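Written out below as structure tokens is the structure these notes cover.
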Amino acid sequence: QVQLVESGGGLVQAGGSLRLSCAASGRTFSSYAMGWFRQAPGKEREFVAAISWTGGSTYYEDYVQGRFTISRDNAKNTVYLQMNSLKPEDTAVYYCAAEGSGLGSKDEYEYDYWGQGTQVTVSS
């Protein structure tokens, strides 16, 4: 069992930065790949980024490539999403999720555990 708690969301102006954190409970955190997804009002949840269990492989959706960076610290049971050059269209609830194969995936149905989400609002 893995429990996930996101933090770091908030209100920021366009062009600004935020760093999201996702703290995990459970001794098996390091064996899971971790992903970040987001859901804007009236839209389906979409993939943002993922990182393998070692941190050696990372994946990004095109619309955040070059602006967002996913990383993890297995000693702290935490995964991060550094978000730079934020745009109003990045406004959404951001969720972290844990995926049991350890490899990472863009498919939300591959993920076993989900956090409650943190709101990110980017003003123009």
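No experiment lies behind these values; they were computed from the predicted model shown.
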Item to check | Phe37 and Phe47: CA distance, side-chain angles, deciding distance, ring pair (Phe, Tyr, Trp, His ring centres under 6.0 Å) verdict | outcome: CA-CA 4 Å; Phe37 292 77; Phe47 172 76; 5.6 Å; yes

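- At a threshold of 4.5 Å between side-chain heavy atoms, the hydrophobic network of Ile, Leu, Val, Met, Phe, Trp and Tyr places Leu20 and Trp114 in two separate groups.
- Ala24 approaches Phe29 most closely through the heavy-atom pair CB-CD1, 3.2 Å.
- Atom CD of residue Glu89 and atom OG1 of residue Thr91 lie 8.5 Å apart, to the nearest 0.5 angstrom.
- With Arg72 contributing its side chain and Ser52 its backbone, the two residues share a donor-acceptor pair below 3.5 Å.
- Sparse packing is recorded around CD of Gln3, with 12 or fewer heavy atoms of other residues, nucleotides or ligands lying under 6.0 Å away.
- With Thr78 contributing its side chain and Lys76 its backbone, the two residues share a donor-acceptor pair below 3.5 Å.
- With values rounded to the nearest 0.5 angstrom, Tyr60 atom OH is found 6.5 Å from Ile70 atom CD1.
- Tyr111 and Met34 are members of different hydrophobic clusters when ILVMFWY side chains are connected at heavy-atom separations under 4.5 Å.
- Taking every heavy atom of both residues into account, Ala92 and Tyr94 meet most closely at O-CD1, 3.4 Å.
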Checklist entry - When you look at Val48 and Phe68, which way does the side-chain contact (heavy atoms from CB on, under 4.5 Å) test go after all the steps? => result CA-CA 9 Å; Val48 175; Phe68 291 10; 3.7 Å; yes

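- Arg45 forms a cation-pi arrangement with Tyr95, by the criterion of a distance under 6.0 Å to the ring centre and an angle within 45° of the ring axis.
- Atom-to-atom distance recorded for Asp90:CG and Thr121:OG1 is 11.0 Å, nearest 0.5 angstrom.
- Counting only heavy atoms from C-beta outward, the side chains of Trp53 and Glu99 never approach each other to under 4.5 Å.
- Qualifying side chain to side chain contact (heavy atoms under 4.5 Å, CB included) partners for Leu103, counting only residues two or more places apart in sequence or in other chains: Ser101.
- Put simply, the side chain of Met83 reaches to within 4.5 Å of the side chain of Val120, judged on heavy atoms.
- The heavy-atom pair separating Gln39 from Lys43 by the smallest distance is NE2-O, 3.1 Å.
- Linking Ile, Leu, Val, Met, Phe, Trp and Tyr residues whenever their side-chain heavy atoms come within less than 4.5 Å leaves Tyr80 and Leu86 in two separate clusters.
- Taking every heavy atom of both residues into account, Leu11 and Ser123 meet most closely at CD1-CB, 4.3 Å.
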Next on the checklist: Applying side-chain contact (heavy atoms from CB on, under 4.5 Å) to Glu46 and Glu61, what does each step give before you reach the verdict?
Outcome noted: CA-CA 9 Å; Glu46 61 184 13; Glu61 195 52 85; over 6 Å; no

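- Glu6 CD to Cys22 SG: the interatomic distance, rounded to the nearest 0.5 Å, is 5.0 Å.
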Next on the checklist: Pair Trp36, Ile51 - check side-chain contact (heavy atoms from CB on, under 4.5 Å), show working.
Outcome noted: CA-CA 9 Å; Trp36 286 96; Ile51 187 167; over 6 Å; no

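- With hydrogens and angles left out, the side-chain atoms of Ser17 and Asn84 include a donor and acceptor closer than 3.5 Å.
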Checklist entry - After noting the C-alpha distance and the side-chain angles of Val64 and Arg38, does the key distance pass the side-chain contact (heavy atoms from CB on, under 4.5 Å) rule? => result CA-CA 12 Å; Val64 303; Arg38 68 187 186 186; 4.1 Å; yes

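- One distance of note links CD of Gln1 with OG of Ser25; it measures 8.0 Å at 0.5 Å rounding.
- Summarising the geometry of Tyr32 relative to Val2, their closest heavy-atom pair is CE1-CG2, 3.7 Å, with the distance given to 0.1 Å.
- Atom CG of Asp73 sits about 10.5 Å away from atom OG of Ser21, to the nearest 0.5 Å.
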